[in-house]
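Each residue takes its place number in the sequence, starting with 1. The figures here come from the full heavy-atom set of this structure, side chains too, leaving out hydrogens, waters and symmetry mates.
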Amino acid sequence: MDTAIAGAGPTGLFAAIALARRGHAVTIVDRDPGPAPGGEWPRRGVMQFHHPHGLRKQIVEILGAELPDLIDALLAAGAELAVVPADDTHPELMVGMHCGRVTFERVLRAAAVAEPGVTFAVGHADAVLRSRGRAAGLLVDGVELPAELVLDASGRAGRIGTDLRAPGLGADCGLAYVSRPYALLPGAEPGPVNAPIGLIARMHGYFFAAFLQDNRGINVVLARPSADRELAGLRVTGAFEAAMRAIPGLDVWTDPARTRPVSGVLVGGNLRNTYRGQLDEHGRVALPGLVHVGDAVCTTNPTSGRGITTSLQQAQQLIALIDRAPTDPEAVTLEFDRWCAERIKPWFDDHLAWDADQVRQWAGEDVDLSRPLTSGHIVDAAQAEPALMAVVGPYLAMDALPATLAEVEPRAREIFAGGWRPPVPPGPTRDDLAALLVGSST
């Protein structure tokens with residue numbers, strides 16, 4: 001089947017390779033021409049490209065099931081599997097992969113370029129072509145690209161077939177962040193860790209994490225409420241480095257005797273939780289043969305690291321549905337929309353509640369026990385009662401949907417009602433950090 005894919009991000013690249021290996025003739029359309037001959041790849045328009053990423057185990061599992069050679073290629077490119085060592089309670093566990101977005105996309109794109117049956121068309125996908133009530137390809141910079149199947153993997157801001165879908169749902173995440181990548185010096189080891197990704201902590205009025213990346217790289221992120229304009233000063237290099245020296249743990253990770261910065265401070269903003277299904281306002285497939293996938297369906301707060309996971313889960317499910325009903329695009333779209341509503345939308349709903357609650361907490365509000373606890377509070381309660389991790393752990397690992405937390409919500413409520421509150425690690429408060437930034441130079 002001739003297939004056109006709008007968008008050459010992880011979703012589009014993965015889908016293209018997987019479909020080509022099933023006999024489809026695939027053309028990927030994207031304005032980005034790919035890495036330059038010298039290796040530089042600014043990836044304009046993809047804000048998150050150089051920010052930290054942690055690849056969850058689901059991504060490794062999906063690649064292993066569909067494109068196992070890509071795991072070998074990622075490891076050869078410098079990525080490392082994230083493994084929790086065995087102990088008395090469990091065997092060794094693979095929980096993900098230490099790999100930045102740049103390396104991940106480079107390997108995917110190189111595999112797509114080398115894949116027989118995949119072609120790249122550099123240009124802008126202006127619109128979906130329509131013929132006899134079905135999708136018939138893409139209009140690319142005014143030139144028709146015929147296709148029997150069109151996948152819209154162009155992301156949240158994509159406009160392909162937007163008139164054919166009911167309006168989406170969404171809200172601002174309420175935060176903004178800055179990050180800076182570093183490289184470990186020869187012989188140096190990473191700083192202290194408390195999670196598979198590296199080091200992570202929620203402080204008074206802000207959040208930080210240090211991510212282990214590929215090729216002995218690390219990437220440090222500081223997140224703040226988007227309404228906090230004072231902390232926006234962290235985008236200034238001198239201010240960011242002053243914060244690194246002041247925050248316990250990060251001072252070790254970014255010690256000049258341990259690491260060196262490899263770029264300036266990078267800014268991330270306009271973060272939104274969004275969800276939009278396949279169907280029109282009447283609940284129908286308006287144009288059979290056009291399917292939206294990846295960020296075109298759902299985006300979530302990037303600090304939880306769920307985006308690439310939910311996107312590749314979508315792509316894998318969509319490909320399985322196409323395999324089962326290659327000549328019935330309407331049935332494929334209906335079933336895919338139902339599956340996304342059951343398996344993807346719950347993560348969007350989870351973030352709507354959790355993110356709004358986090359913004360209130362950062363503003364100084366206490367937990368509101370007059371309404372159901374959000375996932376964040378239930379996760380926190382597991383610190384006070386580790387037995388809750390039997391339910392909380394699978395949710396954190398995305399092995400169980402957010403609704404499963406309802407089982408332990410009453411006990412978490414009791415813990416908070418008894419006066420317990422999650423301890424905050426030692427380090428500067430939000431006000432301390434703001435005072436530190438005053439006078440910081442570039």
Can you name the closest pair of heavy atoms from [X] and [Y] and give their distance?
X	Y	answer
Leu164	Asp280	O-CB, 3.6 Å
Phe104	Cys99	N-SG, 3.7 Å
Tyr275	Gly277	CE2-N, 4.0 Å
Val359	Gly174	CG2-O, 3.7 Å
Pro196	Val95	CB-CG2, 3.6 Å

> Excluding sequence neighbours, so at least two apart, what forms side-chain hydrogen bond (donor to acceptor under 3.5 Å, both in side chains) with Arg276?
Replying inline: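 Arg276: side-chain hydrogen bond (donor to acceptor under 3.5 Å, both in side chains) contacts with Thr162.
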> In chain order, what residues pass the side-chain hydrogen bond (donor to acceptor under 3.5 Å, both in side chains) check against Tyr182, with sequence neighbours excluded?
Replying inline: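 Tyr182 satisfies side-chain hydrogen bond (donor to acceptor under 3.5 Å, both in side chains) with Glu241 only.
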>> Aromatic contact between Phe207 and Trp362, with the criterion being ring centroids under 6.0 Å apart: yes or no?
In response: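 No: the rings miss the under 6.0 Å criterion.
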Residues, nucleotides or ligands: over 12 heavy atoms within 6.0 Å of [X] [atom1]:
X	atom1	answer
Arg31	CZ	no
Glu342	CD	yes
Glu144	CD	no
Gln383	CD	yes

Taking [X] first and then [Y], would you say they form a salt bridge - that is, a charged N and a carboxylate O separated by under 4.0 Å?
X	Y	answer
Arg21	Asp69	yes
Arg106	Asp214	no
Arg224	Glu230	no
Arg56	Glu61	no

>> Under the ring-ring contact (aromatic ring centres under 6.0 Å, His included) definition, can you give me all pairs with a residue in residues 276-321, not counting sequence neighbours?
In response: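 Those involving residues 276-321 do not exist here.
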> Taking it one step at a time, do Phe416 and His377 satisfy ring-ring contact (aromatic ring centres under 6.0 Å, His included)?
Replying inline: CA-CA 9 Å; Phe416 278 95; His377 289 308; 5.3 Å; yes
For [Y], does its backbone N or O pair with a side-chain atom of [X] as donor and acceptor, under 3.5 Å?
X	Y	value
Glu409	Leu373	yes
Arg159	Asp126	no
Arg235	Val178	no

> Are any of the side-chain heavy atoms of Val128 and Asp152 separated by less than 4.5 Å?
Replying inline: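 No - every pair of side-chain heavy atoms lies 4.5 Å or more apart.
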> Under 3.5 Å, is there a donor-acceptor pair between the Gln358 and Arg202 side chains?
Replying inline: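 Gln358 vs Arg202: donor-acceptor pair found between side chains.
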> Taking atom types as modelled, is there a side-chain donor on Thr299 or Thr274 under 3.5 Å from an acceptor on the other?
Replying inline: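 Checked: Thr299/Thr274 side chains pair up, N/O donor to acceptor below 3.5 Å.
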>> Parallel, tilted or perpendicular: which one describes the rings of Tyr395 and Trp347, with boundaries at 30° and 60°?
In response: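 Tyr395 and Trp347: parallel rings.
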